[in-house]
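Counting begins at 1 with the first residue of the sequence. Counting starts at 1 for both ligands and their atoms, following the listed order.
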Amino acid sequence: MSPTILITGATGNVGESVVQQLQRQQIDCRVAVRQPDRARFLFGDRVEAVRFDFLDPATFTAAFAGITHLFLVRPPALSKIDQIAPALTAAKAAGVQQIVFLSLMGVERNRVVPHAEIERCIQQLEFPFTFLRAGFFMQNLSTTHRDDIRLHDDLFIPAGTGKTSFIDARDIAAVAVLALTQPGHTSKAYPLTGSDALDYFEVAKIFTEVLDRPIHYSRPGLLKFIWTMRSRGLPLDFVLVMAGIYTTTRLGWAANITSDVEQLLGRSPISFRQFVEDYQSVWRSG
Ligand SMILES: NC(=O)c1ccc[n+]([C@@H]2O[C@H](COP(=O)([O-])OP(=O)(O)OC[C@H]3O[C@@H](n4cnc5c(N)ncnc54)[C@H](OP(=O)(O)O)[C@@H]3O)[C@@H](O)[C@H]2O)c1
């Protein structure tokens, strides 16, 4: 039988883990990706991979055929609702019955972020929904900031002394799997964080202990951060989004802790130390 669950963003931080966790439970899914060959390499032949691009409506019909449950990830580069809404309209026409959307913590107070517009669009289209309003991913340190740690033993992050209630993307994925496969999660918005709020001095200490070499937090100012990221060739939009995120951290707005992960999964969220232990090869310089 053809799968009824469709995963977007399946090559990304949360989506990849959603697919892996479904595979572990032997639940079939289809992945909607820009490069199906890459998905087949990642997940093997048991996962059905179809070409899908939010910006190419010709890819929608095959992706949504026979699908009832959709895991929706907004690609970070797509910030306009017009880039996401056509796919949602196509999903509705194809008979999708529930959307589990990877949203953003605090979105209910911040109506200008793209996630707020997407939540509104999902509700306007009258989809039963589950909004996963996630805090700051631990995996940002194994992706965006990986090379500063790996090559320079430095956390080059303009967060001042602000604390962050980091969440492991694998925990968000576990909640997504629950919402996609179990009843009782529609018309719900879950704010998802880890169980500790840490500043980057504490983060550096955990890295130092686990990697067994000194990792510093150089605590750059905002201007130095922007200048350095631009001189590395990162696009201005991306750098400004990062500067905005770390400004909210400096202001203490990223420190809020919720108990939703524990309540939903019946276990503690993955700790920051566990994350660093599990991913340590990523920051080994050899
Ligand atoms: N990072 C955080 O701390 C954080 C916290 C809360 C919420 N969020 C939100 O979570 C979402 C995911 O962010 P992320 O940083 O973790 O990114 P990600 O999911 O790791 O990467 C983006 C994914 O989107 C896919 N993609 C890119 N362009 C696409 C297109 N035109 N059509 C279809 N798929 C496309 C990419 O696939 P390919 O490139 O392989 O095609 C990739 O799988 C974002 O909306 C972000 O705002 C992030």
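- If you check which protein heavy atom lies closest to atom 8 (N) of ligand 1, you get Phe137 CZ, 3.7 Å.
- Atom 23 (C) of ligand 1 has as its closest protein heavy atom Gly9 CA, 4.0 Å.
- Using a 4.0 angstrom heavy-atom cutoff, Gly15 does not count as in contact with ligand 1.
- Using a 4.0 Å cut-off between heavy atoms, Leu102 contacts ligand 1 through its side chain alone, with no backbone atom that close.
- Residue, atom and distance of the protein heavy atom nearest to atom 39 (O) of ligand 1 are Arg34 NH2, 2.8 Å.
- In this structure, the ring of Phe52 has its center less than 6.0 angstrom from the ring center of Phe54.
- Remark: minimum distance from atom 45 (O) of ligand 1 to any protein heavy atom is reached at Arg74 O, 2.7 Å.
- Taking 4.0 Å as the cut-off, Val14 does not count as a neighbour of ligand 1 on heavy-atom distance.
- Under the 6.0 Å cut-off for aromatic ring centres, His145 and Tyr246 qualify, their centroids lying closer than that.
- In this structure, Asp148 pairs ionically with Arg232, as a charged nitrogen and a carboxylate oxygen lie closer than 4.0 Å.
- Regarding atom 35 (C) of ligand 1, its nearest protein heavy-atom neighbour is Pro75 CG, 3.5 Å.
- Taking any N or O of Ser103, backbone or side chain, none lies under 3.5 Å from an N or O belonging to ligand 1.
- At least one side-chain heavy atom of Leu22 sits under 4.5 Å from a side-chain heavy atom of Thr181.
- Nearest-heavy-atom check against atom 31 (N) of ligand 1 across Thr8, Ile84, Asp53 picks out Asp53.
- A distance below 6.0 Å separates the ring centres of Trp283 and Phe275.
- Across Ala254, Ser79, Pro76, heavy-atom proximity to atom 13 (O) of ligand 1 is greatest for Pro76.
- The only option from Gln123, Glu108, Lys188 that meets the side-chain contact (heavy atoms from CB on, under 4.5 Å) definition with Phe131 turns out to be Gln123.
- Annotation: Phe54 places an N or O atom under 3.5 Å from an N or O atom of ligand 1; distance criterion only.
- Annotation: Phe272 is not in aromatic contact with Tyr200 [ring centroid separation under 6.0 Å not met].
- Of the protein's non-hydrogen atoms, His115 NE2, 3.7 Å is the one closest to atom 46 (C) of ligand 1.
- For Ala32, the heavy-atom gap to ligand 1 stays at 4.0 angstrom or more.
- Contact annotation: for Gln139 versus ligand 1, there are no heavy atoms closer than 4.0 Å.
- Counting protein heavy atoms only, atom 12 (C) of ligand 1 is closest to Val73 CG1, 3.7 Å.
- For ligand 1, none of its N or O atoms has an N or O atom of Gln35 under 3.5 Å away.
- Considering both main-chain and side-chain atoms, Gly12 comes within under 3.5 Å of ligand 1 through a nitrogen or oxygen pair.
- Residue contact check for ligand 1: Ala134 places a non-hydrogen atom closer than 4.0 Å to it.
- Taking the side chain as every heavy atom from C-beta outward, Val18 and Val177 approach each other to under 4.5 Å.
- In this structure the side chain of Leu155 reaches within 4.5 angstrom of the side chain of Ile149, judged on heavy atoms.
- Look at Asp199 and Lys205 and you find no salt bridge, because none of the NZ, NE, NH1 or NH2 atoms lies under 4.0 Å from a carboxylate O.
- Atom 14 (P) of ligand 1 has Asn13 ND2, 3.8 Å as its closest protein atom, hydrogens excluded (heavy atom only).
- Against a heavy-atom cut-off of under 4.0 Å, Arg38 is close to the following atoms of ligand 1: 40 (O).
- One finds the CZ atom of Phe225 at 9.5 Å from the OG1 atom of Thr247 (value rounded to the nearest 0.5 Å).
- Here Asp168 pairs with Arg170 in a salt bridge; the nearest charged N to carboxylate O distance falls below 4.0 Å.
- On a distance-only criterion, Leu104 and ligand 1 share no N/O pair closer than 3.5 Å.
- Put simply, the side chain of Pro158 does not reach to within 4.5 Å of the side chain of Leu223, judged on heavy atoms.
- The CG atom of Asp260 sits 6.0 Å away from atom CG of Leu264, with the distance rounded to the nearest 0.5 Å.
- Relative to atom 42 (C) of ligand 1, the option among Thr11, Ile245, Asn140 with the closest non-hydrogen atom is Thr11.
- In this structure, Glu16 does not count as a contact residue of ligand 1, since none of its heavy atoms falls inside 4.0 Å of the ligand.
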